[in-house]
Protein chains: 2
Amino acid sequence: MEQNSISDISRSLIEIAWHFGPKGLNGECCEDLTMPEFIALDKVSTTSNCAVQDVGYSLGFTKSGATRIVNRLKKKGYVHKVKSHEDARICCVEITESGERVLASANSRYLKQFHVIAAKMPEHSLTDTVKVLTAMANALKG
Amino acid sequence: MEQNSISDISRSLIEIAWHFGPKGLNGECCEDLTMPEFIALDKVSTTSNCAVQDVGYSLGFTKSGATRIVNRLKKKGYVHKVKSHEDARICCVEITESGERVLASANSRYLKQFHVIAAKMPEHSLTDTVKVLTAMANALKG
DNA sequence: AAAAAATGGTTGACGTCATCAATTAAAAAG
DNA sequence: CTTTTTAATTGATGACGTCAACCATTTTTT
């Protein structure tokens, strides 16, 4: 039997997921934003007339979980909720100025972290690394 | 101002972290194993005389959290705890047969997922992708 | 050798967070 | 106009990790 039963690729993927995931970056993406909140806020900022459930869908949450995360963002002042004019059931979530700021801040923290890591990969160019990661992310969506 | 404030690299990293992270793979790594439990079990399997705190360290948990995750794995029958002979304070965590099995199973699930994704990246060879990810994981450790 | 400090581990109280099931309100379908 | 579907919310619940206090053992100090 081999040294251990976990392959290098699995371990690498986990390492990356763990580092850049909910527990990485000191457990918080930026300021008082958790990772799911970051993703939710990004979804809100890039979706026009973003319904509460749209947020939940992008996270793989139930609609109940969606309500809760949106309310958390609202309490923090990063979004506000507006009733839709077309359909009074729908609640449109919109990002605030403060939300934009924290999103940009989280982004720069991610970027900085990434460059620190990329600098420690002498055998790979930054652009190649970026290309692979981007392609991978696209493959995940498609 | 640009379309949105989040860069592509950040978004890609998050996408990958989210997909292969705690919420990915249907919320569970394998069988009844959560992501942190998977990492903990891997740590146990690759560390001889693995103390409870060693597990905690690899996850960035406090020693209290380490105790809890080890106990959870124990309850599931994937590890057992043995008092160290050299130091009676230390509690060595050892993987069981059942633990080895579930670890291998989790690994194959990760591997399968990865190959599905890699197959959707026509412009990158599998080996190149693996190389970049491995280098990145190594950079994270160092 | 005795006392004090440090170390490994555990436990109770707590806060956070997402789910489930039930509920309300509004729109669509019949 | 009644029935069904859909969007959102809420109370109860369970999982999980932290903090602080604690016990036991080892190491350091004097």
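Below, read A as the first sequence line, B as the second, and so on, with proteins coming before strands; counting in each chain starts at 1.
Comparing the local axis fitted to the first five base pairs of the helix from C/dA1-D/dT30 to C/dG30-D/dC1 with the one fitted to its last five gives a bend of 10°, rounded to 10°.
For DNA chain D, no neighbouring residue in residues 48-55 of chain B is found when judged by any heavy atom under 4.0 Å.
Following chains of ILVMFWY side-chain contacts shorter than 4.5 Å, one cannot reach B/Val44 starting from B/Ile90, and the two form parts of different hydrophobic clusters.
Checked by atom type and distance alone, the side chain of A/Thr96 pairs as donor or acceptor with a backbone atom of A/Gly77 at under 3.5 Å. Panel note: side chain B/Asn49, backbone B/Cys92; no donor-acceptor pair is recorded below 3.5 Å. Without hydrogens or angle criteria, B/Thr46 side chain to B/Lys43 main chain gives a donor-acceptor distance under 3.5 Å.
Pairs engaging residues 128-142 of chain A under the salt bridge (Lys or Arg N to Asp or Glu O under 4.0 Å) rule: none recorded [sequence neighbours left out]. Listed by first then second residue, pairs satisfying salt bridge (Lys or Arg N to Asp or Glu O under 4.0 Å) with a partner in residues 84-94 of chain A read A/Asp87-A/Arg89, not counting sequence neighbours.
By the salt bridge (charged side-chain N to carboxylate O under 4.0 Å, His left out) test, B/Glu37 is found to be paired with B/Arg72, B/Lys76, residues two or more places apart in sequence or in another chain being considered. Not counting sequence neighbours, the partners of A/Phe38 by the ring-ring contact (aromatic ring centres under 6.0 Å, His included) test are A/Tyr110. Under the side-chain hydrogen bond (donor to acceptor under 3.5 Å, both in side chains) criterion, A/Ser125 pairs with A/Thr127, sequence neighbours left out. Legend: residues meeting side-chain hydrogen bond (donor to acceptor under 3.5 Å, both in side chains) with A/His19, ordered by chain and number and at least two apart, are A/Gln113. Looking at residues two or more places apart in sequence or on another chain, you find no side-chain hydrogen bond (donor to acceptor under 3.5 Å, both in side chains) involving B/Asp54. B/Lys120 meets the side-chain hydrogen bond (donor to acceptor under 3.5 Å, both in side chains) test with no other residue; sequence neighbours excluded.
Using a 4.0 Å cutoff to heavy atoms of chain B, the contacted part of DNA chain D runs 5' to 3' from D/dC16 to D/dT26.
Rounding to the nearest 0.5 angstrom, the gap separating the CD1 atom in B/Ile69 from the CZ atom in B/Phe61 is 5.0 Å.
Of the side-chain N and O atoms in B/Lys74, none sit less than 4.0 angstrom from OP1 or OP2 of C/dT10.
B/Tyr57 places its OH atom 13 Å from the P atom of C/dG8, with the value rounded to the nearest Å.
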Subject >> Summary of protein contacts for nucleotides 18-30 of chain C, nucleotide by nucleotide, where a base hit scores B, a sugar-phosphate-only hit scores S (4.0 Å, heavy atoms) >> reply: SBBB----BS---

